[in-house]
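Here the structure is laid out as structure tokens; the discussion comes afterwards.
Every chain is numbered from 1, with letters handed out A, B, ... down the list of sequences.
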Amino acid sequence: MVTRADLRQLSPFEWEVPVGYRADMLVPARVYMSEEMLGAALEDRAMEQLVNTATLPGIVGHALAMPDMHMGYGFPIGGVVATALPDGVISPGGVGYDINCGVRLLRTGIEADALLPHMDRLMTALFSRVASGVGASGALRLSPGQLDAVLHEGAGWAVAQGHGLANDLEFAEDNGRLAEADGGALSPRARERGRGQLGTLGSGNHFLEIDRVVQVHDQAAAQAYGLTVGEAVVWIHCGSRGLGHQVCTDAVREMQSAVRRYGIDIPDRELVCAPYGSEEAQRYYRAMCAAANYAWANRQVITHIVRQVFEDELPAEESRRCRLDLVYDVCHNIAKVEEHDVGGRLQRLCVHRKGATRAFGPSRPELPERYGRIGQPVLIPGNMEDGSYVLAGTDLALERTFGSSCHGAGRALSRKQARREVEGGALRDHLERSSIVVRTDSLGGLAEEAPQAYKDLDLVVEVTHASGLATRVAKTTPMGVIKG
DNA sequence: ATGTCC
């Protein structure tokens with residue numbers, strides 16, 4: 001176990017486990033946290049998992065952890081690991097089971113107060129038209145050919161089918177599509193699981209919310225993002241559902257033998273990986289890209305349903321004043337091939353972000369023109385009571401964390417602990433008394449996602465902001481919550 | 001996260 005004594009403090013919110021801590025480390029491990037947060041991270045296996053990732057062949061810079069770090073499969077959630085191509089490894093555990101789990105934020109153009117009288121009706125309609133819960137299937141049933149188009153085209157498929165507006169794509173990370181996707185790299189089971197789940201929310205921490213912008217921290221950035229205090233916004237948090245889960249399951253199994261074949265020593269079998277250029281790695285990468293595209297199409301289809309619900313359920317006057325535009329769409333479970341400056345040299349890297357959000361600053365050409373002087377919107381969900389943050393990516397993040405930031409508050413209680421401590425029905429009543437309209441498939445699931453099951457988002461964002469990885473732009477709090 | 005064990 002890593003202890004406090006093994007850590008070297010670099011700055012108020014930056015800590016390092018030096019290479020000498022363990023003989024198999026190739027680079028130091030670095031975490032962004034306050035001293036208080038560090039305590040909790042040392043109690044479970046998260047820090048040890050981070051150190052384990054510092055042994056992966058080809059890793060460059062540091063094994064990094066964001067302030068929302070907690071235990072995950074192999075890699076900690078909140079972890080960022082970059083490996084040098086072509087010989088560095090790619091690891092499915094560095095992406096996670098929910099490939100391209102991500103967040104999409106829509107502004108509405110209407111004041112939250114104007115929606116208040118209609119919240120019950122809106123939330124009931126959203127709950128009925130966006131399928132949610134474990135194993136949920138949606139209104140679409142894709143033919144094999146349609147599925148291939150989704151896997152290849154991502155959000156663009158949905159837009160072309162009429163589930164969206166042409167400029168939606170401009171405001172999604174990678175325009176909602178990774179070009180290396182190959183539907184043929186998926187197992188038949190992964191493909192079958194994907195056929196009926198497009199346009200569905202899923203379960204766990206996935207949600208659909210109507211929020212109110214309660215605070216603007218950075219007027220210029222908020223203006224560029226089109227956010228104003230008092231306005232209603234919509235948050236969509238979901239991923240690639242059973243299809244992405246199956247891609248990860250298949251890859252973990254296949255790479256178990258790859259690790260042996262390529263003679264890779266890993267300290268934890270959950271860190272299975274393969275050299276990026278190998279057949280196994282390339283098959284996983286193309287399948288992962290396809291699953292990422294599925295997730296983007298999923299969020300795009302849900303976006304369209306939300307727009308339809310606002311149009312159908314609001315009175316004509318309010319409906320006319322609404323315009324649900326995409327602020328941005330980020331993924332926080334993915335491995336990307338990106339170019340970064342490593343020690344003064346531009347290098348092609350495989351950047352694993354697992355529970356970490358890309359946070360590119362103004363210098364990167366990937367940003368939409370509208371945000372070019374501000375930085376990429378970094379969307380950080382918190383909890384169903386206290387709300388969420390919009391931050392802006394920075395050039396400092398490019399120097400420090402391969403352009404990455406935290407992705408949420410991070411869990412403070414395990415799901416089991418949360419169920420023990422919280423009764424779902426009482427939580428729902430508490431939220432409704434606070435004028436938060438709640439719709440859920442599972443009161444047990446609601447309890448697992450209770451506010452007290454998460455770290456304090458304000459603290460996580462404070463560390464992120466003070467470290468310069470992403471800067472505060474606006475905060476929103478929930479008016480209506482759908483939990484799968 | 002997940003047809004929460006093919």
Side-chain angles (χ1 to χ4, degrees), chain A residues 46 49 68-79 91-104 131-138 140-142 147 186-208 236-254 256 270 284 287-288 290-292 294-296 298-299 302 330-335 352-357 381 383-384 407-411 413-420 424 440-449 453-454 482-484:
Chain A
Q49 289 187 322
D68 51 337
M69 172 169 81
H70 53 106
M71 256 196 309
Y73 180 85
F75 291 56
I77 291 157
S91 172
V95 173
Y97 274 86
D98 191 2
I99 294 165
N100 192 3
C101 183
V103 188
R104 176 173 277 224
S132 58
V134 180
S137 50
L140 298 169
R141 173 86 188 162
L142 303 173
L147 179 67
L186 270 65
S187 67
R189 184 182 291 179
R191 293 175 60 92
E192 188 55 37
R193 288 181 73 172
R195 285 182 63 187
Q197 292 195 314
L198 207 63
T200 68
L201 203 56
S203 66
N205 64 3
H206 292 165
F207 66 80
L208 172 53
I236 299 164
H237 179 203
C238 61
S240 50
R241 310 287 286 102
L243 179 142
H245 191 277
Q246 192 64 47
V247 167
C248 184
T249 302
D250 294 338
V252 164
R253 183 171 304 138
E254 181 170 78
Q256 259 152 19
E270 292 183 356
Y284 168 65
M288 185 214 69
Y294 185 91
W296 271 311
N298 191 28
R299 293 196 285 276
I302 292 174
V330 299
C331 41
H332 52 226
N333 279 6
I334 197 129
H352 301 73
R353 294 193 185 91
K354 182 196 198 172
T357 310
N383 71 57
M384 62 180 80
H407 87 304
R411 288 200 81 89
L413 301 179
S414 71
R415 296 191 171 278
K416 198 184 272 182
Q417 278 175 303
R419 269 191 197 250
R420 258 200 310 266
T440 183
D441 290 280
S442 153
L443 286 174
L446 192 74
E448 290 181 359
E449 294 298 316
Y454 283 90
I482 292 172
K483 274 284 179 186

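- In this entry the distance linking CD of Glu192(A) with C1' of dT2(B) reads 16 Å, nearest Å.
- Whole-Å rounding puts the Tyr97(A) OH to dT4(B) C1' distance at 12 Å.
- Ring geometry for Tyr97(A) versus Tyr73(A): interplanar angle over 60°, hence perpendicular rather than tilted (30 to 60°).
- Protein atom CZ of Arg253(A) is 9 Å distant from nucleotide atom C1' of dC6(B), rounded to whole Å.
- Distance OH (Tyr73(A)) to P (dT4(B)): 17 Å, rounded to an integer number of Å.
- Taking the salt bridge (Lys or Arg N to Asp or Glu O under 4.0 Å) definition, one finds that Arg253(A) meets it with nothing, sequence neighbours left out.
- Counting any heavy atom pair closer than 4.0 Å across all strands shown, Gly242(A) reaches sugar-phosphate atoms only and no base atom.
- At the heavy-atom level, Gly204(A) lies under 4.0 Å from the strands shown only through sugar-phosphate atoms.
- Distance Arg415(A) CZ to dT2(B) P: 9 Å, rounded to the nearest Å.
- Here dT4(B) presents its P atom at 9 Å from NE2 of His245(A), a figure rounded to the nearest Å.
- Across all strands shown, Glu448(A) has no heavy atoms under 4.0 Å from either base or sugar-phosphate atoms.
- Using a 4.0 Å cut-off, some side-chain N or O of Ser203(A) falls inside it from OP1 or OP2 of dT2(B).
- In this structure, Leu201(A) places its CG atom 9 Å from P of dT2(B), rounding to the nearest Å.
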Hey, can you pull the donor-acceptor pairs under 3.5 Å for the side chains in residues 194-203 of chain A, sequence neighbours left out?
from      : atom 1 : to        : atom 2 : distance (Å)
Arg195(A) : NE     : Leu142(A) : O      : 2.8
Arg195(A) : NH2    : Leu142(A) : O      : 3.4
Gln197(A) : OE1    : Gly242(A) : N      : 3.0
Gln197(A) : NE2    : Ala136(A) : O      : 3.1
Thr200(A) : OG1    : Gln197(A) : O      : 2.7
Thr200(A) : OG1    : Arg241(A) : NE     : 2.7

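- Closest approach of Ala292(A) to Ile99(A), counting heavy atoms only: N-CG2, 3.8 Å.
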